[in-house]
Structure formats: C-alpha cells, structure tokens
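Notes follow once the structure below has been shown.
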Amino acid sequence: MSNGDASSSGASIVITAVRTDEWLRQAVASSLAQIAVAAQVIVVLDGCSGMDASDFDAPSGLTFVRLAQRHGPARARNLGLEQADGEYVAALDGDDLADADRLARQTDLIRNLPGVALVGGAARTMNADGSSLGIRQVDRLNPMQARLRLTQRNPFVHSATLARRSALEAVGGYDETLTRCIDYDLYLRLAIRGYSLATDPEIVGTHRVHGGQLSTHAIPGPVRRHLRSLRSELAAELDISTISQHLRNAAWSMGNTSIGREVRGLRRR
C-alpha cells in the first residue's frame, strides 16, 4: 500500500521548505514513493509559493500548506504536525531525500522498541549538484545510551528521524522561540520528560549539504545557552556530576562558535 490516505496507524512525512525548486520536487517525489506504509505527505511552504499538489502525478495523500510570510523552521514544523494524522511523524527537509523503504523500516523499528518515542537513522550526504560526499553515520544507541549522548552532542540526523505523534504533541512540538537547533532542543525536552529515544545505523535517506543551510553557521549565543541549560538538566537526572557536565558544555559551546567552526573546517582539510 502506498500513497494512500494515512490512517491512525500510518505515518505522516512533514517536509518544510523556504523555496520551491527542483530540490523540493525531488524531496516530495521521494516521499510519495514510499512502499508498504500508507504515507500522508505534508509540505509546509514557509513564506514561498509556486508549487502545489497538482504538480505531481500522484497527489493522493499529498497536502500543501502555506505560510504567507516566513515564520521559521519551528513554526513550519508545528504547522505540519497540526496537519498530521498518522501515528508516526517523519521529518524531512525540502532539500533532502527519503529512501523508498524508509517508512517501512522505521515504523517496523519503532514498533519493535516498546516505549521508544523517537528513532533516528543514518543518511548519505551529497553536495548541491548531487555528487556523493559520503555518509552521516550514527551509532546504534539504546535509550540509555541515547540519553547520555544527548548530554554531549546531538546524535540524530533530523531528516532521518521518525517519532510517535503523541509524544511530539505531549511536549508541545518544536520551540518556536528558537532560531536554530530546534531538533536538538526537541530531543533534549523529550528525554527530560522521560521519553525514550534510540538510533539505528541503517541508512534511510540522503542529506544535501550546501552553503545556504543554517547548520553551516555558528549557533547564536542565546541558543547555545538555552541548550546548555537543557543538557545540564538532563545530566542531573542521569547523576552526571556538575563539574563533568560543565566541561562537556564548555567544549560543545566552543566548538559551535564561529572560531570553533573554522578550526573544525581546517582540521578536515
């Protein structure tokens, strides 16, 4: 069964985009091509226009939602979540691609992990022209290992995550006050609220790397401070010493400043 109307036991893919172009067309097409799972595909256009369901050969189960003005990724994601009616919600950026069996594999994975609210997979990487760059690998982390890793860094690839809709709704979705790192914030809040998260190293899609992405820039100071606070709160629940977490936070924060990003770039050369 594919491209049908999603039922409460199906899955919704929420795609957000700030431009309508060939990359978005490919992202939507890859989502419509899902096999074995009824996929509801929701495209949220954040302050852009020029594309709708009639542009695709199989529009059944495809919905376009438009924000007249750009509101940012968190509001766009939450609007998509409001439209979702699947039991599970998969995230996809408008410049990324989902493998045809992504939903089938990830829904099977999460159903076999009782109590787990969100799972993440790995992704191939490509540059702006579609050339391969390698793989964004993830470790296989059980819920406790994932909680520990979250106090150190974000172990998830956002466009390769699938979550129980009920859990996302219970924590209020994405934080619309944030300009960056809305995914890391979400995972930390889920963990703090007692939800279990896990990762699996299987590749479920392709992540496009290009200069226009916010993730290529330093994280603003207020966002870093907010995330450090959440990291420390989770660390306290895990009985990690205050001094140890302070050192972790300092290293992570420095690595996400402009200077830290430049140093990491030089090391890769």
Side-chain angles (χ1 to χ4, degrees), residues 6 11-32 39-56 59-86 89-98 128 154 156-163 165 167-190 205 207-227 230 256 258 261:
S12 303
I13 301 179
V14 175
I15 305 171
T16 58
V18 296
R19 58 181 177 269
T20 53
D21 55 13
E22 183 57 29
W23 290 353
L24 177 58
R25 187 178 299 278
Q26 292 173 9
V28 175
S30 74
S31 299
L32 290 171
Q40 174 196 28
V41 180
I42 303 163
V43 184
V44 183
L45 301 179
D46 188 12
C48 61
S49 60
M51 189 180 292
D52 58 35
S54 65
D55 293 316
F56 296 86
S60 177
L62 173 62
T63 301
F64 274 76
V65 183
R66 291 179 176 79
L67 287 164
Q69 296 180 336
R70 189 167 178 177
H71 287 257
R75 178 60 191 135
R77 288 272 163 212
N78 284 339
L79 185 57
L81 181 59
E82 291 169 10
Q83 299 292 317
D85 58 18
V89 178
L92 189 69
D93 290 335
D95 46 12
D96 293 343
L97 303 173
N154 180 2
F156 294 90
V157 180
H158 189 221
S159 270
T161 57
L162 178 132
R165 177 163 58 93
L168 298 182
E169 293 173 341
V171 299
Y174 294 85
D175 187 340
E176 296 183 17
T177 69
L178 296 180
T179 58
R180 289 282 308 280
C181 300
I182 64 170
D183 54 337
Y184 195 8
D185 166 83
L186 176 66
Y187 311 143
L188 285 164
R189 287 188 289 113
L190 282 167
H207 173 64
R208 197 184 304 267
V209 179
H210 57 90
Q213 292 169 310
L214 289 174
S215 58
T216 62
H217 306 295
I219 300 173
V223 178
R224 293 201 308 273
R225 289 191 291 273
H226 169 75
L227 293 174
L230 291 180
N256 284 287
S258 296
R261 292 290 177 106

Any side-chain to backbone donor/acceptor pair from [X] onto [Y]? Under 3.5 Å, distance only.
X      : Y      : result
Gln83  : Val65  : no
Arg70  : Cys48  : no
Thr16  : Val44  : no
Arg180 : Val223 : no
Thr20  : Ser49  : yes
Arg75  : Glu176 : no

Please step through side chain to side chain contact (heavy atoms under 4.5 Å, CB included) for the pair Tyr184 and His226, ending with a clear verdict.
CA-CA 11 Å; Tyr184 195 8; His226 169 75; over 6 Å; no
Could you tell me which non-hydrogen atom of [X] sits nearest to which non-hydrogen atom of [Y], and how far apart they are?
X      : Y      : value
Ala27  : Asp96  : CB-O, 3.1 Å
Met51  : Asp55  : CA-OD2, 3.2 Å
Leu81  : Val89  : CD1-CG2, 4.0 Å
Ala167 : Leu190 : O-CD2, 3.9 Å
Phe56  : Arg25  : CE2-O, 3.7 Å
Ser30  : Leu92  : OG-CD2, 4.3 Å

salt_bridge(Asp175, Arg77) N-O dist < 4.0 Å:
no
Hey, what do you get for [atom1] ([X]) to [atom2] ([Y]), rounding to the nearest 0.5 Å?
X      : Y      : atom1 : atom2 : result
Asp185 : Arg189 : CG    : CZ    : 4.5 Å
Ser12  : Leu162 : OG    : CG    : 9.5 Å
Ile219 : Leu178 : CD1   : CG    : 11.0 Å
Arg19  : Leu45  : CZ    : CG    : 12.5 Å

Qualifying residue for side chain to side chain contact (heavy atoms under 4.5 Å, CB included) with Arg66, from Asp46, Val43, Asp52:
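Running side chain to side chain contact (heavy atoms under 4.5 Å, CB included) over Asp46, Val43, Asp52 with Arg66 returns exactly one hit, Asp52.
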